[in-house]
Amino acid sequence: MASGSPVPQEKVGKASPPPRTPPSQAAVLEFFRAISPGLPQIEFCIQCGSCGGSCPAAALLDHTPRRLFALIRAGEMEDVLQSNTPWYCVSCYFCMVRCPQEIHITDLMYGLKTLAYQRGYTKNNKATHLSKVFAGYIERYGRSFELGIAARHYLRHPPSNLVGTAKMGSAMFFKGRLHLRPERINGLTQLQKILERARELETAL
Amino acid sequence: MPEHFEPLILGLTCNWCSYRAADMAGTGRMKYPPNIRLVRLMCSGRLDPTFILKALARGADGVLITGCHPGECHYIEQNYKALRRVSLLKRVLQPMGVEPGRIKLVWASAAEGMRLAKAITEFVEEVRALGPLNWSARTQIPIHAGPVRQLEELPG
Amino acid sequence: MKYLFYPGCSLHGTSSAYLDSLLAIQGKLGLEFTEVEDWNCCGANEYIALHRIPSYALIARNLALAEQQKNGANTLVAACSACYVNLARTAKYMGTDRELNTRVNDALAAGDMHYTPGSVEVRHILDLMCNKLGACKVKKLVERPLAGLRVAPYYGCMVLRPDPDKRWRDPESPTALEELILATGAELIDFPLRTHCCSGHMPQINTETSLDLIHRLVEGAVQSGADLLITTCPLCQLNIDGYQDEMNKLFGTSHKMPILFFTQLLGLAFGLSPKSVGIGKEITSAASALERIGVKAEPEPAAPRRPPRDQSLPMPHMPKPYGDDL
Amino acid sequence: MTSSNSTDGNVRVGVYVCHCGSNIAGVVNVFEVAKWAQENLVEQGVVVAKENKFMCSSLGQKLIEEDIQKENLDRVVVAACSPHLHETTFRGAVSRAGLNPYLCEMASIREQVSWVTSDQTAATEKAKAMVAGAVARVRQHVPLESIRVPINSSTLVVGGGIAGIQASLEIANSGFHVYLLEREPSIGGHMAQFDKTFPTLDCAACILTPRMSEAGMHSNIELLTWSEVENVEGYLGNYTVTVRKKARYVDTSLCTGCGICQQKCPKNVIDDQFEVGLGYRKAIYTPFEQAVPRFPVLDKDNCIFFEKGTCRACEKFCAPGAIKLEDQDEIITLNVGNVILATGYDMFDARRIPRYGYGKLANVFTSLEFERMCNAAGPTNGAIVLRDGRTPAKSVGIIHCVGSRDHKFNAYCSAICCMQSLKFAHLVKERTGADVYNFYIDMRTAAKDYDEFYQKVLEEGTNLIRGKVAEVIDGGLFDEKAGQLIIQVEDTLIGKQRRIPVDMVILAIGLEPKQDAANVAHQFGISRGANGWFTEKHPKLDPVATMTDGIFIAGCAAGPKDIPASVSQGSAAAARVVSYIQQKELSLEPVRAYIDAEQCSGCRICNGLCPFHAISFDELKMVSEVHQALCQGCGTCVAACPAGAVTGSGFTNQQVLAQIEGLLSVPIHADVLQAVAA
Amino acid sequence: MTNNSKPKFAMYWAAACGGCEIAVLNIHEKILDVDAHFDVVFWPVAMDAKYQDVEKMQDGEILLTLFNGSIRNDENERLARLLRQKSQLLVAFGSCAKEGCIPGLANLSTRAEIFETVYSSPSTDNPQRLRPQSEFQAPEGMLSIPVFNPVLRPLDQVVDVDFYIPGCPPESHQIAAVIDAVIAVLEGKAQLPPKGSILGAGTSTVCDECLRTRGVKQLKGFTRIQHMREVDPAICLLEQGLICNGPATLSGCGALCPAAGAPCAGCYGSLPGMLDFGARMVSSLASVLDEYDPRKIDITLDDIADPTGVFYRFSLAGSLLQTGKASWSED
């Protein structure tokens with residue numbers, strides 16, 4: 001507990017953790033500069049909780065954002081990457097505009113998502129699946145495709161109230177708000193080339 | 001250019017703000033590269049372009065001028081004079097082959113040790129990217145450099 | 001004035017009403033939108049969740065297209081809040097983060113494209129109307145004042161936050177939609193939750209939470225006495241509009257709070273036909289609310305004089321947020 | 001043409017390198033530096049170069065003094081800490097040995113080398129360079145004599161808050177005349193508005209009003225209330241201050257302060273000043289009962305007579321006929337030797353944080369409003385009630401750090417809010433027994449008996465929630481908590497978001513510099529820090545002096561402070577002033593500019609450059625001249641003179657240029673730094 | 001020339017326009033005093049003389065040498081060294097010798113660029129793009145011309161200089177005054193001024209001699225004389241927005257240019273002890289520019305055409321940095 005970060009739930013009851021010197025803060029910061037554009041300012045967190053207080057999804061989070069930052073600085077990356085927090089982030093940016101230290105919280109959440117995803121921490125995670133389906137259509141057509149996305153996503157993760165959702169869907173359809181087939185852009189191959197190259201340039205995470 | 005080049009920077013500081021910021025950086029043990037050497041002036045308004053030229057002529061690769069934030073000058077508004085002198089001097093020096101990037105003006109209050117340390121670190125990197133100025137060598141080139149074809153051996 | 005226009009996927013699909021109404025009013029406002037040719041999806045908040053550089057490249061392709069096609073029009077306008085933030089953020093970060101800029105342009109190069117940071121200015125249509133045209137200009141165009149219609153503004157998140165280019169005085173107390181509502185002659189409802197979150201893509205991830213958030217908004221709108229909400233964001237519209245039935249079921253309520261795009265409201269005020277501005281495409285029908293248009297609102301009761309034995313303490317004086325001409 | 005020709009070649013320089021324990025020696029190889037100087041700077045005139053554990057110690061100083069005698073040195077270089085710390089120390093040592101103090105120069109190899117450099121070799125190299133620079137500079141030094149000015153014995157204190165009152169009393173009691181100037185109708189400042197004072201909880205009025213009346217009656221204090229400074233001229237010892245005494249419409253020579261005019265005045269006005277908008281006053285009023293002076297002022301903008309030309313109620317009922325409706329502003333001139341600025345602070349405007357609902361949600365109050373509410377003499381006679389004026393609060397949320405410690409508003413800590421909020425928590429408990437929630441980021445109770453008070457508040461069962469409040473929402477909108485306020489916050493100690501319903505919210509708003517602080521700073525020629533507070537000459541060692549001789553600061557004008565701190569600053573400033581006055585004549589730092597009339601061409605380029613109006617133009621001789629006492633030594637004119645006719649003693653061109661040459665004479669070793677990088 | 005006891009006098013013309021020589025002749029009958037007191041041994045413009053004659057002399061045989069012109073090629077350089085060796089007093093005569101003058105501006109360009117302009121400009125017929133070669137093997141034998149040095153040098157960067165006489169050219173009445181002074185010394189009536197002194201000039205700057213009325217300076221902006229409808233004859237030119245180097249320029253000329261309504265170009269250079277003329281002007285002008293917003297400052301400064309040329313017109317080669325691109329490798 002030297003780091004001041006609370007002991008993650010699953011560790012409760014186990015023997016006290018072996019003594020471990022936390023990672024070099026410089027290295028941690030460098031790393032987050034690498035995965036988040038500009039200067040994310042994570043080092044300035046004063047643990048005030050404006051983020052957790054403002055978060056619309058707070059009820060679902062296993063760690064509030066500021067706690068994630070504490071864990072990161074304590075070197076508890078395992079807990080961070082397993083955390084559901086980034087995946088419940090709906091990008092409302094409340095935390096970011098309210099943070100008294102002007103930390104780029106939302107940007108960091110994106111960074112953490114990519115990190116967790118690319119390190120394979122997100123098996124059967126609803127949010128990841130949604131993102132993957134969405135991304136899939138973009139890479140295949142260059143545009144998103146609501147009907148397809150909904151179908152594929154709900155196939156894997158059926159909504160709590162299937163009837164309601166279906167009703168809404170049909171209503172949408174009849175009001176001409178859902179297309180039956182996706183739009184495809186002309187420069188698709190070009191786009192794919194770009195994305196391919198970009199993936200090569202991705203920071204090794 | 002040597003494969004590893006370390007820029008030599010001269011820093012001109014204001015006694016009331018940036019010099020104290022340097023003190024604060026010290027007290028706070030904020031590390032910054034040793035490439036910079038500071039001179040204390042009473043105010044950035046004391047900045048005489050001659051100082052900058054002298055530094056460049058004596059082997060400095062860049063000059064960092066620091067003063068109080070606009071509106072915070074201990075002598076009310078002298079830092080604006082520094083601002084104007086620097087911007088005019090840059091224009092004069094460009095045709096001589098001194099990149100404007102080698103001269104930088106930074107505002108740092110007495111409380112901004114961290115800001116100053118950051119500014120120094122950044123500036124050292126910027127100048128490193130520009131490469132050596134090497135003026136002291138240039139002005140000492142042999143007067144008689146011989147026929148045209150021998151000119152390649154000149155430094156700079 | 002000529003502008004490049006980035007509609008984004010939703011305006012081509014789920015919120016065609018937004019597009020219809022926008023195109024319907026552009027002429028009156030003296031705006032001329034040219035759709036960026038062959039634009040691609042900005043990836044919403046999904047693509048960036050999986051890939052970093054690729055997501056910026058994805059977005060940057062649109063910026064690059066805009067740079068190519070701009071001929072004269074330097075401003076790229078987006079209507080969807082998410083698209084706007086993505087475009088604006090990328091443009092900003094490519095300008096400030098040298099590293100990112102090189103990589104993204106390197107990627108673009110694979111498709112023989114390039115984007116020069118700063119070459120196009122990204123703005124949201126709301127920002128354009130309020131901060132460039134000004135609500136006063138809008139007011140002049142009103143032919144059918146919406147007197148008696150009680151309208152609550154609903155911004156949602158991304159049009160205001162993170163506000164990468166500092167377009168707004170205060171992202172927590174905006175006045176743009178308010179000014180437009182006043183301009184249309186409708187009655188402005190003070191809606192404290194106007195900048196709160198509609199739950200974004202939460203319906204697909206955790207329906208209960210999202211319905212809870214939607215419930216707060218609808219409940220709040222009802223409590224504040226609004227006939228309808230207007231918004232700037234397709235997703236907000238979709239969530240509040242589409243999930244209202246489910247929300248009612250879950251909370252045992254029976255609210256029917258219609259939500260329209262602000263452009264639709266302007267269209268009506270400009271005297272356009274409801275159909276031409278896509279009224280009717282909403283799932284929670286706005287019909288009943290719109291019937292009020294034209295009905296004279298009863299005059300405001302004068303503020304009562306302070307009775308002698310009233311002990312109540314005066315409220316703090318608040319400055320008037322918008323100009324008197326509204 | 002070369003620069004370093006001003007002094008003769010054969011100066012004898014002594015170099016002293018300080019270990020500062022391990023502070024310097026731990027990183028810089030001080031022995032090598034000394035040795036290097038000894039060997040390599042001979043032609044620079046270095047005759048001795050020594051290192052010592054602590055140069056500032058009496059032994060270190062002795063060492064210098066002896067060498068000056070033994071080696072008959074005429075220049076000294078001390079490579080140690082920042083000159084801002086020990087320049088005076090070593091100048092002292094040098095002059096004790098009979099040398100002019102200004103023939104000593106310091107190289108700051110602690111702040112600028114050992115403390116900021118990790119690599120030892122690189123640090124040592126840099127230290128050498130700095131020594132070389134200092135030696136080259138000191139060669140160009142010339143003896144300087146300080147300038148002497150007489151000190152006028154009366155003092156102007158600006159601001160009649162507790163700090164100003166304290167300062168005035170101290171000076172007055174030591175037998176010197178004081179003008180105490182206050183913008184408001186009465187002295188007393190913010191403290192007069194407070195109810196209880198932490199941590200002792202004695203009532204503000206009880207301890208303040210005696211001081212106020214003492215100041216009001218003191219034979220050495222001349223009160224100038226309802227007055228503002230118009231203009232300031234002069235320099236240490238001889239300031240001329242122009243003051244506007246605003247029209248009071250009351251003849252203070254006749255007024256008895258009976259208060260009948262206030263009773264009879266028919267016009268009720270919301271009191272935005274003293275009651276911070278929570279209460280009412282009349283158009284002619286004294287801000288509060290114990291006001292000093294007790295004479296009322298007439299508020300022209302709200303007076304029926306000045307609106308309609310009729311009424312004159314006050315005039316009719318005033319027995320001594322003191323009402324003077326034709327009164328005019330009066331301009332007076334004061335000659336003083338010193339000025340103490342105790343201009344205080346403004347409160348942060350809570351409306352700037354809309355998410356806390358102040359101004360929209362009726363039951364959100366600011367801390368100052370709450371102070372008035374608690375005050376027995378306040379608008380509710382001390383009852384803690386909701387905005388409706390009758391319902392007592394059953395649960396109260398107190399939000400710390402409103403507008404403080406937030407880079408969007410004020411990045412600094414306002415210092416008093418934690419204790420004030422705890423005080424509120426206690427008062428609420430004591431008077432209503434309501435539930436109290438304090439929302440804090442960090443609890444800062446660092447002063448005598450402060451943490452004890454914190455303990456007491458804990459004991460009373462206050463709910464302390466560690467978290468910066470996200471927003472305050474009207475519960476009526478949803479959650480069926482009509483009329484209640486919902487405070488949404490992350491309880492960071494359990495890592496969960498909580499939504500806590502309360503009836504009343506108190507915003508502990510932070511302290512800000514006076515909105516006109518910039519003008520004041522400009523008028524008196526002092527500077528302000530990044531946050532807008534006046535800058536001290538030295539934050540630790542000279543906290544009440546400013547960079548401008550003869551202008552002092554006390555209390556919150558220099559930054560947020562609680563009452564004890566403000567009072568002690570008032571006394572401290574007074575002490576500084578009195579010591580000046582008693583010296584009768586003072587010597588000024590000889591860092592001044594002077595113009596060589598021979599070289600001056602009278603181009604008048606320098607004339608407009610001096611913010612202290614020290615440069616004048618002699619139309620007859622057609623040359624410009626510097627008024628030595630006015631000059632503050634910034635050197636702008638020196639740098640600007642196209643003819644080089646202006647010399648800035650202490651920072652001459654030769655000195656600076658020589659130092660630059662010296663600093664750059666030690667090349668930078670790429671290989672060394674490469675090693676560092678690796 | 002008969003060998004008599006009179007002290008020997010020499011004058012040489014290196015890289016310069018010749019104005020200095022004219023200026024000397026402009027002292028009219030005073031030239032006779034020179035002849036009366038000196039034995040003129042070497043003065044290519046005025047008399048026939050061979051380098052060998054000078055080489056044959058003893059070291060220090062010449063008492064006084066007035067050296068005008070800067071060191072542009074190796075011939076200038078050889079003669080500078082030679083005359084230094086043979087003269088007791090070597091005087092850098094005129095702006096070129098003192099600080100490089102107009103020819104010094106060539107230091108802003110590389111030798112290749114200069115040759116390009118000189119030998120391949122549209123007005124030159126040079127299809128094979130020939131360039132001067134220092135040596136050329138002709139059937140008759142090896143021909144050689146002086147080598148064009150990459151960097152132009154003022155005299156004191158090549159040899160030790162005793163005195164300076166500024167001006168482009170030096171004012172004749174000042175030359176006359178100097179000659180009188182030297183003669184006075186010869187006759188034992190006066191002492192030589194300290195080595196390195198500037199002779200034939202005032203102690204202040206041109207403003208000191210300028211009759212225009214001046215007030216406190218607050219410059220709104222800058223203009224050029226050709227853009228002005230009229231120049232006020234009575235008011236300081238600087239205050240009219242013209243860049244006048246007068247404030248920084250050593251007095252002695254009598255403020256000729258400002259008197260004629262033209263801003264001072266600065267040919268007398270800066271005061272003794274001032275290291276860099278340009279820096280003085282940059283510093284003073286910027287100080288009195290009445291502008292606070294960085295953007296506006298830039299806009300105002302845009303109105304200064306060729307700032308380097310304006311502030312270093314006469315002093316570039318003698319300035320602190322001495323040279324620009326000239327010192328770079330040419331490709």
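None of the values given here were measured: they were computed from a predicted structure. Below, all heavy atoms of this structure are taken into account, side chains as well, without hydrogens, waters or symmetry copies. The sequence lines fix the lettering, A, B, ..., with proteins before strands; numbering per chain opens at 1.
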State whether the number of non-hydrogen atoms from other residues, nucleotides or ligands found under 6.0 Å of [X] atom [atom1] is greater than 12.
X      : atom1 : value
D:Q515 : CD    : yes
D:K267 : NZ    : yes
C:K132 : NZ    : no
D:K300 : NZ    : no
D:R431 : CZ    : yes

Write down the atom of [X], the atom of [Y], and the distance for their closest heavy-atom approach.
X      : Y      : result
D:K360 : C:D190 : NZ-OD2, 3.2 Å
D:I473 : C:H196 : CD1-CE1, 4.4 Å
C:P314 : D:L278 : CD-O, 3.5 Å

Qualifying residue, where the test is salt bridge (charged side-chain N to carboxylate O under 4.0 Å, His left out) with C:E172 and the options are D:R355, D:K408, D:R352, D:R351: D:R355
Distance col, row C:R216:CZ vs D:L477:CG, nearest 0.5 angstrom, shows 11.0 Å
CG of D:L361 to CE of C:M315: how many Å apart, nearest 0.5 Å? 7.5 Å
Please classify the contact of D:T366 with chain C as side chain, backbone, both or neither, using a heavy-atom distance under 4.5 Å. neither
Side chain, backbone, both or neither: which part of D:Y358 has an atom under 4.5 Å from a heavy atom of chain C? both
Heavy-atom side-chain proximity of [X] to [Y] below 4.5 angstrom:
X      : Y      : result
D:E369 : C:P316 : yes
C:P192 : D:D474 : no
C:V218 : D:F478 : no
D:L386 : C:L313 : no

